[in-house]
Structure formats: structure tokens, C-alpha cells
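In the text below, chain A, chain B and the rest are named by the order of the sequence lines, each starting its count at 1.
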2 protein chains.
Amino acid sequence: MYMPGKVNCESCLIKSCAAEVLNKQELQVLSANCAGVSYKKNEKLFQQGFLCSNIVYVKTGIVKIHKTGPLKDQILKIVKSPRFIGIPTVLGGKVNHYSATALTPATVCFIVTDIFKTLILRNGKFANEVINSICQDELNFYDLSINQMQKQIHGRLADALLFLSDEIFESDSFELPLSRSDLGDYIQATRESVTRALSRLKADGLIDMQGRQINLVDKKMLEKISKLG
Amino acid sequence: MYMPGKVNCESCLIKSCAAEVLNKQELQVLSANCAGVSYKKNEKLFQQGFLCSNIVYVKTGIVKIHKTGPLKDQILKIVKSPRFIGIPTVLGGKVNHYSATALTPATVCFIVTDIFKTLILRNGKFANEVINSICQDELNFYDLSINQMQKQIHGRLADALLFLSDEIFESDSFELPLSRSDLGDYIQATRESVTRALSRLKADGLIDMQGRQINLVDKKMLEKISKLG
DNA sequence: AAATACTTGTGATAAAATTCACAACTAATT
DNA sequence: AATTAGTTGTGAATTTTATCACAAGTATTT
């Protein structure tokens, strides 16, 4: 973790939709209450159960949001910059309800929660943007969890691979940012089952795989598997 | 479905936290753009895939929020009045992303979405209350879905029974508002598995059951089952 | 009251995925 | 370069839950 310190939100090129609606003065207030931090792979941005007084804006990098369940850790979602994380966790109470960990090197801004709240109270457009983004998030998570709960392992794995390809890396070929075990925490399966399911996809010629390097060869078929469950 | 028509939000005794922060004039605008409707058991308040231009405020009754998954319908949550439903579904697009159905007779208010948005833009406190409630919802759903995904059927069933008892009916004894099959859609199990799991709980003396009439006899033990998964 | 539709219980069988155990591999540290 | 820690692959046995098939019960409609 490296803390370069103060940032300038006015000139920031990676501005959120919400920040776009702020005026010059509001952006200055934001800058004054915003700290930039860099993280290495696998470093935690914040942790479930710990006191927290900041909203986190991920400027660069890929981050996993995860939470300890009754039996094991679970990856709730994998998100790509730029975006806010931890709005619900902060507004829902003073203690984090989940953790966030960098899957790649990441740079983030910590925004003092009170300032964030003030912006919501003072600027309706800002509040509206925040609401839109939380709502979108909620809808996405409904979809994700219905898929996770109803599909069986091959469908869930196909979903995950297609998601990583389409939403995160925007390429058919990428390096898995997760171990087999982490991938299991994401798609609700054991490490062994993930290994077997991946091997099966490789054997059937739907993917190419060498360690964590993945190449989606037959996306049409993967989508079919995803749909069939 | 019976439509008594116009309502008066100013004098409404079942006011939401969000509506509490509105001033007299805003409440009048709300009243003018708000229609009260009554529903019988099992009637749909709104349906996934249909165009929608209203936020729904449930004044009385119990409602299920459900969504068609890849294999079957799934009950995302069961909610009790008073509360808003459908904020994400409306703000996330013009088409409902899920359905809502009355589990008991229910009375609701339909609020024109544009009016709701205007209130968000104009009244920061209102926006803040809305954000808080959506965030709380999101956190609850994370908990729910982690439990659903990690626990096995007895744990999931115990969760559901305790939830209905503690959150919905506030009594150890209640009439299940769901068929075995619906309960299966809620806890991710088949009708047959639900039947068997319930019979098991009864045989073990943890619950009393006659048809849909349930009495939680040994809550401590049910909580243990819930925790163990 | 009879007929129909829907709901519930139960057994036998089958499928999916986990668990456990061990070997091989890779990366990180000394 | 050697050692250690962490990751991955694989087989066999086991567990959990779904599926199928059928009987019995309860509501609802005619």
C-alpha cells in the first residue's frame, strides 16, 4: 500500500458519473477530503467488521468484494474501475459489512463519508446519480445470485468466464485473476470441482487453458451452457 | 384489485421515513400523484418485463418479490409493510426487473416515478432517506443470498422459519403464507425436499405443524441449525 | 354433491457435487 | 540452490438433493 496523498478531483480524468454533476466549489471540497492510495495485488482495501468512515472510489484496477459466510468466504462480485465501492457498507452502518481486495494493482480514492453525505444532501443531481448506480448494482446482483442459485456448476463456470471476458477484460483471452480456490468462492463450488469443470471445458474444446491463462475458443457454446444452466 | 383512488399523503398515518422529511407542499404534490389500490391474496402488484412508471409503497400486507430465473421462479425476498418496493426496478430502467405479488391482502400506493425523481432532486433529506433504505436492502440481500448459497436445506429452512417468525409475523406461531412449492422457490429447494425437511423438523420436535399452521417450539435449536448450515 | 384443479406426502432411484487423500507442480523465501 | 508454502490435478467413496411416479388430501368450481 502506497499513499501518494492529496488528489485533485477537479482535474481528475477518471471522474465518476456522480462527480460529473458537481460544481467547481463542490469538487474543491471533495478534493480536500479525499486521499489517493495505491494497492498491490491481493492487498485489502478494507475489511469486513472493521470501522470505516470512507467511501471508496476505485480509479484503476480490478477489485473483488467478498464476505465471510457461515461456511466460507464468498466473492459477492468482481468489479472494474472506475466505480464506487462500499457505499452500502458505509451508509448501512459504521462497520464494514464486507471486504474489498485488489485482484490487480489498483489506485483508489478514499472519500470522507460525511462529505459524501453532505454532497447528497446539498446536490440533488449527485444524489440522483448515486441512487441510480446503487439501483443498477442491486439489479445486477439479483441476476447474479439467481444464476448462481439455480444453475449447476458448468453453467455457473461458463457465466463467470463470460463475465470476465465481456465485462472485465473485454477480450476472449485473459489471465484469470483468481486461483481455483478463489474461483470456487465466486461460483459457489469447491476447488476440486472448479478444476474438474475447467478441465472438462478444455477437453470439450470450448476453452484453451494453461495454468491461469484462459482463451475462450467457443463462446457460442459457452453461452449455450450458461443458458441451459 | 380494488382502486379506491386518491389518497392524502399529508394525513397518512403510515408514512415512510422518506416521506417524513417532506414539507407540506411536497406532500401535496405527492398526494396529487399518488393512487391507492387494494389487492387480494395472490394478486400481482406488478410484473417482471412489463412497462412501469410507478414506485410502489406498500401500506399494509405482506408481499413477495420474485423473479424468473433460468430454470424456475425465485422468491428474492418477502417484505412486510410499510415499505417501498420497486425503487431499483423503476430507476434501473423502464421495465420491471422483477414481480411483486401479495401474500396477504394488501393496500399500496402507486407513486408516479417522475414525481419521485423530482423529490430526490429537490429535497436532499428525502434523497438521503431513499439511499439509506436502498443500501440497507442491499446489505440484507447480501446476507440472505450468502446464507442461501452456503447452507444446506435444513439450515435454509430454519432461516426461513425464523425470518417469518421474527421479522414478518413477530410471533412463534403463524400460518405459512406460502405453499410448499413457493417455500421451495424461496429457499432454493424442490417441493418434495421442503416437505421432507419440514417433516424432519416436526419429527425432531423443533416445530409443530398442521398443514400451513406452524409453531416454532424450539427456537434455540432452530438457530443452531441455521448457524451450522 | 360431484367434479376438477391444486396441494401435499412418500418411496425408490439417480444425479450432482463434496469430501478425503495423495501426488505433482509453482512461486516465494531463506 | 534448497526449502517451504501455496496451488493444482485426480481418483474413489460419500453425501446431499433432485427427479420420477403415485397416492391421498384439500379447495374451488360447476
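Between A/Lys77 and B/Glu138, at least one side-chain N (NZ, or NE/NH1/NH2) sits under 4.0 Å from a carboxylate O, which counts as a salt bridge. Taking the charged nitrogens against the carboxylate oxygens, B/Asp172 and B/Lys219 do have a contact shorter than 4.0 Å, which makes a salt bridge. At a threshold of 4.0 Å, the pair A/Asp182-A/Lys64 counts as salt-bridged, since one of the basic side-chain nitrogens sits closer than that to a carboxylate oxygen. Using a cut-off of 4.0 Å between Lys/Arg side-chain N and Asp/Glu carboxylate O, A/Lys151 and A/Asp159 are scored as salt-bridged.
Separating the NZ atom of A/Lys40 from the P atom of C/dA28 is a distance of 13 Å, rounded to the nearest angstrom. For the pair B/Leu198 CG and C/dT7 P, the interatomic distance rounds to 16 Å; values are reported in whole Å. Atoms CD (A/Glu175) and C1' (C/dA27) sit 13 Å apart, rounded to a whole Å. B/His154 places its NE2 atom 11 Å from the P atom of D/dA18, with the value rounded to the nearest Å. Rounded to whole Å, the distance from CE on A/Met209 to P on C/dC25 is 15 Å. A straight line from CG of A/Asn42 to P of D/dG6 spans 13 Å, rounded to a whole angstrom. At whole-Å resolution of the value, NZ in B/Lys72 and P in D/dA18 are 7 Å apart. Straight-line distance from the NZ atom of B/Lys151 to the C1' atom of D/dT17: 18 Å, rounded to whole Å.
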Return the polar atom pairs (N/O with N/O) between nucleotides 24-30 of chain D and the protein under 3.5 Å, or none.
none

Protein-nucleic acid N or O pairs under 3.5 Å, nucleotides 11-15 of chain C:
unit_1 : atom_1 : unit_2   : atom_2 : d
C/dG11 : N7     : B/Arg196 : NH1    : 3.0
C/dG11 : O6     : B/Arg196 : NH2    : 3.4

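The phosphate of D/dT7 (OP1 or OP2) has no side-chain N or O of A/Arg212 nearer than 4.0 angstrom. OP1 or OP2 of D/dA18 sits under 4.0 Å from a side-chain N or O of B/Ser193. Within the structure, a side-chain polar atom (N or O) of B/Thr190 is placed less than 4.0 Å from OP1 or OP2 of D/dA18. Contact annotation: A/Arg191 does not reach the phosphate of C/dT19 (side-chain N/O to OP1 or OP2, under 4.0 Å).
One side chain, A/Gln48 or A/Thr68, offers a donor N or O that lies under 3.5 Å from an acceptor on the other. B/Ser38 and B/Thr107 are not linked by any side-chain donor-acceptor pair at a separation below 3.5 angstrom, with hydrogens and angles left out of the test.
Looking at heavy atoms from C-beta onward, B/Lys220 lies in side-chain contact with B/Asp218 at the 4.5 angstrom threshold.
Closest non-hydrogen pair, A/Asp185 versus A/Lys72, comes out as OD1-CD, 3.9 Å.
Checked against D/dA18, C/dT8, D/dT8, the side chain of A/Arg180 finds its nearest nucleotide in D/dT8.
A/Ala18 meets the side-chain contact (heavy atoms from CB on, under 4.5 Å) test with A/Ser16, A/Phe84, A/Phe126, A/Glu129, A/Val130; sequence neighbours excluded.
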